[in-house]
A.B. asks: 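Shown below is the structure under consideration.
Only heavy atoms go into these numbers, but all of them, side chains included; no hydrogens, no water, no symmetry mates. Chain letters run A, B, ... following the sequence lines, proteins first and then strands; every chain starts at 1.
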Number of protein chains: 2
Amino acid sequence: MEDEILKAKNHFIQGMSRISNFWGFPKAMGAIYGAIYLSPELLSLDEIVEQVGVTKGSVSTNVRQLERLGMVHKKLQIGDRKDYYLPETDFWKIIKGILREREKSEFDLALRTVDESLEMVQEGGEENEKIIFYKERMGAMQSLFKTLDNLVSTLLALENLVSLSTLKNLLDKEERK
Amino acid sequence: MEDEILKAKNHFIQGMSRISNFWGFPKAMGAIYGAIYLSPELLSLDEIVEQVGVTKGSVSTNVRQLERLGMVHKKLQIGDRKDYYLPETDFWKIIKGILREREKSEFDLALRTVDESLEMVQEGGEENEKIIFYKERMGAMQSLFKTLDNLVSTLLALENLVSLSTLKNLLDKEERK
DNA sequence: TAGTATGTTTAGTTCTTTCTAAACATACTA
DNA sequence: TAGTATGTTTAGAAAGAACTAAACATACTA
């Protein structure tokens, strides 16, 4: 009985671990978030170690990364030397944090690289066939990245996750035009 | 002069390589796509080897993966034993292909795992405090995944990339409400 | 049929990331 | 101040992914 729900918790944590991995984060990071997310009480570092089954060192670094992404928050209890962690439960906030931290900079870099390549082609001199071709192809890629970059910026400006649900309707309407 | 635009090509290819890596694909895969994308003529496997500087084996497997994702297409010339490749230049098609192949299945799995965890909790018996808490937290996660899953489905139904650009305006309007 | 051109598979190496174990730093407690 | 509780850093081990080199398969050519 009590055993059933422990299994449920572990199943959930494993799921988080896998998702984390899929999104390019360490597996342990997802597992740790899962444990904190499913804990009614604030968790200390040692309690996380116990629940997730990785070492203190690993928890220490992963939890710091989680904090950087705004996925958990550290809370210090007065008169207690331990750090306690509680989960951020506003997923939209989390998604935006990750978009901002990671995706945005990578998109910018991608865009910049294409820009640079195009510039290099421009400097390549007179308009022979190849140069025209390169300009066209690179130009198309550039505009893809601009579109995506724009999209990310737009998402970042959104206030809440509900807006995303609204999206479906909006897009449905758009399609019907 | 000719040298300038060779450098531009390599810069571009390197960029593709990096992006590929960021999205969780092999670096070589992005580089190979870059080379095919920037070639005015169809490329044979050996020509790719030469341009990208990885081995035949690597090109063989990576190019197959690219084909599976619909990012390049194989074209057989009659009276020529070689396989030739040309790029898919419709990015929206590519994005949808990737969403369908990779993201969708991973989202489904994530959703399923959370569903299962919730079920396990339900079977955990009478409604004590902890069970109620778990139901709430897992339920919130479930609805996040449903929203995302829904969003992906919606995107997959879109006809073209331009719709995405339209998004900004749509969302802007929505925000102003 | 022997030889050649092409693409695929495979065994093993290399590279990168993440984790562990243990040393370390810090600061509180007696 | 010595001892203890806590978190961090680090050196190295383990694991996983991707690549290479070479063997292999296939099918065309002479």
Side-chain angles (χ1 to χ4, degrees), chain A residues 13-14 16-36 41-69 71-86 102 106, chain B residues 13-14 16-36 41-69 71-86 102 106:
Chain A
I13 287 177
Q14 278 214 274
M16 292 295 115
S17 171
R18 164 151 191 158
I19 294 160
S20 177
N21 184 239
F22 177 71
W23 289 105
F25 298 104
K27 279 194 299 216
M29 201 176 120
I32 291 167
Y33 177 76
I36 296 174
E41 286 89 29
L42 304 191
L43 285 183
S44 70
L45 197 145
D46 280 321
E47 285 164 336
I48 297 170
V49 167
E50 194 196 336
Q51 292 207 22
V52 177
V54 294
T55 56
K56 238 171 22 137
S58 177
V59 173
S60 175
T61 53
N62 278 302
V63 97
R64 186 145 17 103
Q65 173 71 349
L66 283 170
E67 222 199 343
R68 243 179 44 86
L69 291 173
M71 295 183 65
V72 305
H73 304 285
K74 195 186 285 196
K75 193 151 191 177
L76 304 168
Q77 310 275 34
I78 45 174
D80 188 338
R81 255 178 292 163
K82 291 183 197 153
D83 298 349
Y84 288 93
Y85 295 93
L86 78 162
R102 224 181 43 154
E106 197 64 25
Chain B
I13 288 178
Q14 279 216 272
M16 293 295 114
S17 173
R18 163 150 195 162
I19 292 161
S20 177
N21 185 240
F22 177 71
W23 289 107
F25 297 104
K27 277 194 298 211
M29 201 176 120
I32 290 167
Y33 178 77
I36 296 173
E41 287 87 29
L42 305 191
L43 285 185
S44 70
L45 197 144
D46 279 322
E47 286 164 334
I48 298 171
V49 166
E50 193 196 335
Q51 292 208 21
V52 178
V54 294
T55 56
K56 236 169 26 136
S58 176
V59 172
S60 175
T61 52
N62 278 302
V63 97
R64 188 146 14 105
Q65 173 71 347
L66 283 171
E67 221 198 344
R68 242 179 45 85
L69 290 174
M71 294 182 65
V72 304
H73 303 287
K74 195 188 283 197
K75 193 151 192 177
L76 304 168
Q77 310 274 33
I78 45 174
D80 188 339
R81 257 179 291 165
K82 291 185 197 151
D83 298 348
Y84 288 92
Y85 295 93
L86 78 161
R102 222 179 47 153
E106 197 64 24

A.B. asks: B:Ile78 CD1 to D:dC28 C1': how many Å, rounded?
C.D. replies: 16 Å
A.B. asks: Can B:Met29 and B:Leu66 be said to form a side-chain contact (heavy atoms from CB on, under 4.5 Å), step by step?
C.D. replies: CA-CA 7 Å; B:Met29 201 176 120; B:Leu66 283 171; 3.7 Å; yes
A.B. asks: Rounded to the Å, how far apart are A:Lys82 NZ and C:dC28 P?
C.D. replies: 16 Å
A.B. asks: How do A:Val54 and A:Gly79 order along DNA chain C: which one's closest nucleotide is nearer the 5' end?
C.D. replies: A:Val54
A.B. asks: Would one find a side-chain N or O of B:Asn62 under 4.0 angstrom from OP1 or OP2 of D:dC19?
C.D. replies: yes
A.B. asks: Taking pairing as Watson-Crick or G-U wobble with both contacts under 3.5 Å, can you name the mate of D:dA30, or confirm there isn't one?
C.D. replies: C:dT1
A.B. asks: Please state how far atom CG in B:Asp83 lies from atom C1' in C:dA5, giving the value in whole angstrom units.
C.D. replies: 12 Å
A.B. asks: Does D:dA25 have a Watson-Crick or wobble partner in any strand here, with both distances under 3.5 angstrom, and which is it?
C.D. replies: C:dT6
A.B. asks: Quickly work out the B:Gln77 CD to D:dA27 P distance and round it to whole Å.
C.D. replies: 20 Å
A.B. asks: Measuring from the side chain of B:Arg81 (C-beta onward, heavy atoms only), which nucleotide among C:dC28, D:dT8, D:dA27 has the closest atom?
C.D. replies: D:dA27
A.B. asks: List the steps and the verdict of side-chain contact (heavy atoms from CB on, under 4.5 Å) for A:Ile48 and A:Ile36.
C.D. replies: CA-CA 8 Å; A:Ile48 297 170; A:Ile36 296 174; 3.9 Å; yes
A.B. asks: If you pin B:Ser60 and A:Gly24 to their nearest nucleotides in DNA chain C, which one's is more 5'?
C.D. replies: B:Ser60
A.B. asks: Go through it in stages, so that I can follow the logic: the residues are A:Val59 and A:Val52, the test is side-chain contact (heavy atoms from CB on, under 4.5 Å), and I'd like the CA-CA distance, side-chain angles, deciding distance and then a yes or no.
C.D. replies: CA-CA 9 Å; A:Val59 173; A:Val52 177; 5.7 Å; no
A.B. asks: Now, which nucleotide makes the Watson-Crick or G-U wobble pair with C:dT13, with each of the two distances under 3.5 Å?
C.D. replies: D:dA18
A.B. asks: Rounded to the nearest Å, what distance is computed from the CG atom of residue A:Asn21 to the C1' atom of nucleotide D:dA15?
C.D. replies: 12 Å
A.B. asks: Among C:dG7, D:dG7, D:dC19, which nucleotide has an atom closest to any side-chain atom of B:Ser58?
C.D. replies: D:dC19
A.B. asks: Looking only at the side chain of A:Thr61 (C-beta and beyond, no hydrogens), which of the listed nucleotides D:dT9, D:dA18, C:dT20 gets closest?
C.D. replies: D:dT9
A.B. asks: Between D:dT9 and A:Arg64, is there an OP1 or OP2 to side-chain N/O distance shorter than 4.0 Å?
C.D. replies: yes
A.B. asks: On DNA chain D, compare the nucleotides closest to B:Gly57 and A:Lys74; which residue's is nearer the 5' end?
C.D. replies: A:Lys74
A.B. asks: Name the residue closer to the 5' end of DNA chain D, choosing between A:Tyr84 and B:Ala28 according to the nucleotide with the nearest heavy atom.
C.D. replies: A:Tyr84
A.B. asks: A:Asp46 CG to D:dG7 P: how many Å, rounded?
C.D. replies: 6 Å
A.B. asks: Using atom NZ of B:Lys27 as one end and atom C1' of D:dT20 as the other, report the distance to the nearest whole Å.
C.D. replies: 15 Å
A.B. asks: State whether the side chain of A:Ser17 and the backbone N or O of A:Gly30 hold a donor-acceptor pair below 3.5 Å, judged by distance alone.
C.D. replies: no
A.B. asks: Check step by step if side-chain contact (heavy atoms from CB on, under 4.5 Å) holds for A:Phe25 and A:Arg102.
C.D. replies: CA-CA 11 Å; A:Phe25 298 104; A:Arg102 224 181 43 154; 3.6 Å; yes
A.B. asks: When the distance from CD1 of A:Ile32 to C1' of C:dT20 is rounded to whole Å, what number comes out?
C.D. replies: 13 Å
